[in-house]
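Here the structure comes first, spelled out in structure tokens, and everything after it is commentary.
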Amino acid sequence: MSPSPEAVCVPRHVAIIMDGNGRWATQRGLPRSAGHRQGVEALRRTVRAASAMGISVLTLYSFSTENWSRPQAEVRFLIELLRRFIRTDVADLHKSNVRIMIIGDRDGLEASLRAMFEEAEALTRGNTGLRLVIAFSYGSRQEITRAVQALAHKVAEGKIAPADITPAVIANHLDTAGLPDPDLLIRTGGEQRISNFLLWQCAYTEFVYLPEYWPEFDQASLVRAIEAFRARDRRYGGLKAQTG
Ligand code: FPP
């Protein structure tokens with residue numbers, strides 16, 4: 001049985017911006033695709049480590065709305081990697097009690113890819129272990145825009161009043177509805193920005209930036225990031241609890 005997050009003091013929800021695949025490959029004189037391929041290995045290691053550590057939710061930024069502007073060959077390669085990952089890994093993830101969820105804009109995706117997402121989600125829906133959230137064709141501003149549009153429709157149809165729109169209602173209209181907000185956001189590759197990832201959800205998230213490229217990420221990197229997280233003093237805008 002997995003230890004509870006409380007028992008080992010791990011954050012409940014860890015989100016990761018998996019950056020640096022291209023630079024990792026270029027440094028080695030390899031094509032960028034080799035970096036993405038190694039990135040999938042790092043992803044597998046991270047899912048195993050997160051499961052073993054008792055993390056409840058792991059959200060991985062696998063393809064952003066902005067990534068569509070990359071050369072067509074790279075876009076096609078990244079989509080193919082995701083297809084292959086779902087095809088080869090979902091059965092094992094299901095056996096490991098992992099629940100899979102895909103967030104992002106599915107409009108405009110090939111029907112066969114959408115069907116794969118739906119099948120993976122349906123197969124693992126009843127699982128109670130790690131929730132693996134894959135952000136694909138995901139952009140936070142677009143996600144918030146979709147939520148606002150859905151709420152505007154409800155107001156226009158008279159189903160809700162403008163005053164009914166609270167932060168909780170907005171959160172329930174995001175792709176991440178029902179998930180706790182991330183406690184810890186890790187970005188690899190040395191850049192220190194959020195790149196349109198979980199903007200609403202990260203209001204009180206602790207950010208840890210690691211210098212290593214994503215293909216190098218492993219359990220020790222995850223532990224390092226969690227140790228940095230545990231050293232933080234989370235006050236949520238309030239004051240530190242007084243003792244004595
Ligand atoms: C950032 O590195 C990484 C990506 C844009 C894609 C992340 C994809 C994977 C880790 C593999 C595929 C995922 C799944 C779910 C199977 P970059 O290309 O921006 O690197 P760079 O900043 O060094 O150029």
Side-chain angles (χ1 to χ4, degrees), residues 14-51 57-94 96 98-106 109-110 112-114 116-121 123-124 130-140 142 175 185-198 209-219 221-222 225:
V14 176
I16 308 185
I17 301 178
M18 309 180 286
D19 197 16
N21 293 349
R23 280 166 286 163
W24 179 89
T26 305
Q27 269 192 356
R28 287 159 179 77
L30 299 169
R32 292 175 58 81
S33 55
H36 295 316
R37 234 185 246 119
Q38 285 308 306
V40 179
E41 292 306 318
L43 185 152
R44 290 193 174 109
R45 285 198 292 275
T46 306
V47 171
R48 277 196 299 271
S51 262
V57 186
L58 177 68
T59 301
L60 302 173
Y61 205 5
S62 80
F63 191 89
S64 72
T65 312
E66 292 70 27
N67 286 153
W68 288 109
S69 68
R70 291 192 177 197
Q72 230 192 17
E74 182 164 345
V75 168
R76 256 199 313 256
F77 186 81
L78 284 167
I79 295 174
E80 197 41 46
L81 270 188
L82 178 61
R83 274 186 195 280
R84 218 176 297 159
F85 173 76
I86 294 179
R87 223 177 282 131
T88 58
D89 287 47
V90 164
D92 278 347
L93 290 170
H94 182 43
S96 307
V98 172
R99 179 170 173 185
I100 299 169
M101 201 173 139
I102 291 116
I103 59 170
D105 188 0
R106 296 188 194 188
L109 295 185
E110 286 170 47
S112 61
L113 189 58
R114 286 206 306 265
M116 283 182 104
F117 289 175
E118 281 156 23
E119 278 168 30
E121 288 175 333
L123 175 71
T124 61
L130 175 75
R131 288 185 93 168
L132 172 61
V133 183
I134 297 176
F136 182 83
S137 192
Y138 175 86
S140 190
Q142 291 79 356
D175 297 353
L185 181 135
I186 302 169
R187 182 175 185 140
T188 59
E191 312 280 1
Q192 304 194 355
R193 55 176 170 263
I194 189 162
S195 299
N196 203 16
F197 190 42
L198 304 174
Y209 299 103
L210 298 177
E212 60 256 45
Y213 296 137
W214 175 250
E216 297 161 331
F217 193 89
D218 59 10
Q219 180 163 23
S221 319
L222 182 59

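Note that ligands are numbered from 1 as they come in the structure, with each ligand's atoms numbered from 1 the same way. In what follows, residues are counted from 1 in the order of the sequence shown.
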Can you run down the ring-ring contact (aromatic ring centres under 6.0 Å, His included) pairs that involve residues 67-92, sequence neighbours left out, and say none if there aren't any? Phe63-Trp68

Validation row: Ile79, Phe136 side chains within 4.5 angstrom (heavy atoms): yes

Charged N-O contact under 4.0 Å between Glu110 and Arg83: yes

Any Thr46 side-chain heavy atom under 4.5 Å of Phe217 side chain: yes

Tabulated below should be the N or O atoms of ligand 1 paired with protein N or O atoms at under 3.5 Å; can you produce that?
| residue | atom | partner | partner atom | Å |
| --- | --- | --- | --- | --- |
| ligand 1 | 2 (O) | Gly20 | N | 3.4 |
| ligand 1 | 2 (O) | Asn21 | N | 3.4 |
| ligand 1 | 18 (O) | Arg32 | NH2 | 2.8 |
| ligand 1 | 18 (O) | Arg70 | NH1 | 2.9 |
| ligand 1 | 19 (O) | Asp19 | OD1 | 3.3 |
| ligand 1 | 19 (O) | Arg70 | NH2 | 2.8 |
| ligand 1 | 20 (O) | Gly20 | N | 3.4 |
| ligand 1 | 20 (O) | Asn21 | N | 3.2 |
| ligand 1 | 20 (O) | Gly22 | N | 3.0 |
| ligand 1 | 22 (O) | Asp19 | OD1 | 3.0 |
| ligand 1 | 22 (O) | Arg23 | NE | 3.4 |
| ligand 1 | 22 (O) | Arg23 | NH2 | 3.1 |
| ligand 1 | 23 (O) | Gly22 | N | 3.4 |
| ligand 1 | 23 (O) | Arg23 | N | 2.7 |
| ligand 1 | 23 (O) | Arg23 | NE | 2.8 |
| ligand 1 | 24 (O) | Arg32 | NH1 | 3.0 |
| ligand 1 | 24 (O) | Arg32 | NH2 | 3.3 |

For Arg48, which residues count as a salt bridge (charged side-chain N to carboxylate O under 4.0 Å, His left out) partner, sequence neighbours excluded? none

Could you tell me which residues satisfy side-chain contact (heavy atoms from CB on, under 4.5 Å) with Arg70, sequence neighbours excluded, listed by chain and number? Arg32, His36, Asn67, Glu74, Val75

